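Being a predicted model, the structure only gives us computed values, none of them experimental.
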Amino acid sequence: MQSNDDVWDCKKCDGVGRISIKIGRSDQSLRVDFRNQDIRNNKVTLEQLSFIENYKTRIKKRKTKNAKSRKTSKKQKNDAEEEKPDLPLAFKEMIEHMEGRDVKLVIQKQLTKSDLTQNNGRLSIPKARVIESFLTTYEKSYLDYERNRKGEKKDKIPSMIVSMLDPNLNLWEDLCLKKWKMETTEIYNIACGWNDLVKDNKWKKDQKIKVQLWSFRRNFKLHFALVKL
């Protein structure tokens, strides 16, 4: 006879001990059948109960593991959403006022000593660390060049004019964007006016300054927004 909680009761058949137990599960059921055993034998009963308890323990462990896995996946998803940065409202409003569009996060980094040293005079953007591609196909082709081999005459590195909003929402125009090809990597650099921006913001080379660099388009011209974190 089947009870309401989906557990089958014990029953005898032809005077021979027989226990048939059905353990309910969400996706399937297990029927444990013990034949030709004397149910009055305590050893057999303990063996049967041990089998059932072990099975229940395995099911419980599996459910616990699956629950933890789902919880971990959900936490990782939430963490990823929380880590996704957003452009500050003041910058959004300024870019909207400038009729800018196509806003992208280029890089998030801590300014290095070389970024803040007057002799270098540039903000470096390692290509490998770029989060979202911010150049058009034509711009990529224009900035690309072949490295000169030893003994060859050095050609002028191509550059393009860009503008930048600094952390105080001041607009700096006529900065230059270049791409330098090193032996094992490529680096974009914003120069020609970067030193003045650093000086105006009173940044020193020994300071630890973390920034986000965003790009946007204004009348198809490339602009940047530098957010201090």
Side-chain angles (χ1 to χ4, degrees), residues 80 83-88 91-92 94-95 98 100-167 169-201 203-229:
E83 290 174 1
K84 186 177 180 181
D86 195 14
L87 185 66
F91 281 88
K92 287 182 179 180
M94 176 60 76
I95 293 173
M98 295 171 64
R101 59 179 181 82
D102 197 19
V103 179
K104 296 179 179 180
L105 177 60
V106 178
I107 192 173
Q108 178 171 303
K109 60 173 286 187
Q110 181 171 302
L111 296 181
T112 63
K113 288 186 177 181
S114 60
D115 290 327
L116 300 172
T117 300
Q118 293 288 312
N119 292 339
N120 294 320
R122 85 290 183 277
L123 171 65
S124 64
I125 310 167
K127 185 179 178 181
R129 292 185 57 189
V130 170
I131 298 172
E132 293 184 80
S133 180
F134 61 97
L135 296 172
T136 65
T137 302
Y138 174 78
E139 290 168 346
K140 289 179 183 178
S141 177
Y142 175 76
L143 292 176
D144 207 3
Y145 70 98
E146 293 296 328
R147 282 179 54 86
N148 295 94
R149 296 181 180 178
K150 290 183 179 180
E152 291 183 353
K153 183 179 179 180
K154 290 186 177 180
D155 296 326
K156 185 178 180 181
I157 297 176
S159 62
M160 56 184 286
I161 301 297
V162 297
S163 298
M164 181 183 292
L165 285 172
D166 73 4
L169 298 178
N170 296 320
L171 180 63
W172 297 79
E173 301 192 91
D174 297 332
L175 278 70
C176 296
L177 176 67
K178 303 179 180 182
K179 185 173 78 170
W180 293 357
K181 290 188 177 182
M182 315 301 285
E183 292 296 336
T184 58
T185 187
E186 296 179 340
I187 301 175
Y188 294 107
N189 289 281
I190 298 177
C192 304
W194 171 253
N195 276 347
D196 294 331
L197 188 153
V198 171
K199 185 178 180 180
D200 191 74
N201 283 271
W203 292 340
K204 305 297 180 181
K205 63 180 180 181
D206 57 344
Q207 286 182 281
K208 293 183 178 180
I209 302 170
K210 194 171 183 180
V211 299
Q212 289 175 346
L213 184 68
W214 298 74
S215 70
F216 64 97
R217 299 280 169 171
R218 182 190 184 195
N219 297 327
F220 301 100
K221 181 185 175 183
L222 181 61
H223 286 61
F224 293 100
L226 189 66
V227 179
K228 183 180 179 183
L229 301 178

Residue set satisfying salt bridge (Lys or Arg N to Asp or Glu O under 4.0 Å) with K92, at least two apart, ordered chain then number -> D86
In terms of heavy-atom contacts, T117 and K205 come closest through OG1-CD, 4.2 Å
| task | For I161 and D174, run side-chain contact (heavy atoms from CB on, under 4.5 Å): C-alpha distance rounded to whole Å, both residues' side-chain angles, the deciding distance at 0.1 Å, then the answer. | result | CA-CA 6 Å; I161 301 297; D174 297 332; 3.8 Å; yes
- With side chains defined as the heavy atoms from C-beta onward, is the minimum distance between T185 and P126 less than 4.5 Å? no
Report task. Step by step, work out the side-chain contact (heavy atoms from CB on, under 4.5 Å) result for S114 and R122. Result -> CA-CA 8 Å; S114 60; R122 85 290 183 277; 3.7 Å; yes
Requested in this report: Take S133 and K140 through the side-chain contact (heavy atoms from CB on, under 4.5 Å) test and state the conclusion after the steps.
Outcome: CA-CA 10 Å; S133 180; K140 289 179 183 178; 3.2 Å; yes
d(T136 OG1, F220 CZ) to nearest 0.5 Å is 11.0 Å
Interatomic distance, CG@L87 vs CD1@I95, rounded to 0.5 Å, equals 5.0 Å
Closest non-hydrogen contact found for A225 with F91 is CB-CD2, 3.9 Å
Here the gap from L105 atom CG to W214 atom CH2, rounded to the nearest 0.5 Å, amounts to 4.5 Å
Next on the checklist: A quick test of your reading: do over 12 heavy atoms of other residues, nucleotides or ligands sit less than 6.0 Å from NZ of K221?
Outcome noted: yes
For the side chain of W203 and the backbone of L197, is there at least one donor-acceptor N/O pair under 3.5 Å apart? no
In short, ring-ring contact (aromatic ring centres under 6.0 Å, His included) pairs touching residues 112-135 with sequence neighbours left out are F134-Y188, F134-F224
* Could you tell me whether a side-chain N or O of N189 sits under 3.5 Å from a main-chain N or O of K178, the two making a donor and an acceptor? => no
NZ of K109: more than 12 outside heavy atoms within 6.0 angstrom? yes
Q. Could you walk me through whether S141 and D144 pass the side chain to side chain donor-acceptor pair (under 3.5 Å) check?
A. CA-CA 5 Å; S141 177; D144 207 3; over 6 Å; no
For this session: Could you walk me through whether L175 and C192 pass the side-chain contact (heavy atoms from CB on, under 4.5 Å) test, one step at a time?
Result: CA-CA 5 Å; L175 278 70; C192 304; 5.6 Å; no
Of all heavy-atom pairs linking V211 and L111, the shortest is CG2-CD2, 3.8 Å
I'd like to know if R217 and E139 make a salt bridge, using a cut-off of under 4.0 Å between side-chain N and carboxylate O. yes
Tightest non-hydrogen contact, residues K181 and E186, listed as CE-OE2, 3.4 Å
Nearest heavy-atom contact between D115 and V198 is O-CG2, 4.3 Å
One should read off an interatomic distance between I107 CD1 and E132 CD, to the nearest 0.5 angstrom, of 12.5 Å
Taken to the nearest 0.5 Å, the spacing of Q108 CD from Q212 CD works out to 4.5 Å
When rounded to the nearest 0.5 Å, the distance separating CG of L222 from CE of M160 is 5.0 Å
Closest heavy-atom pair, N201 versus P167, reported as atoms and distance to 0.1 Å, is OD1-CD, 3.9 Å
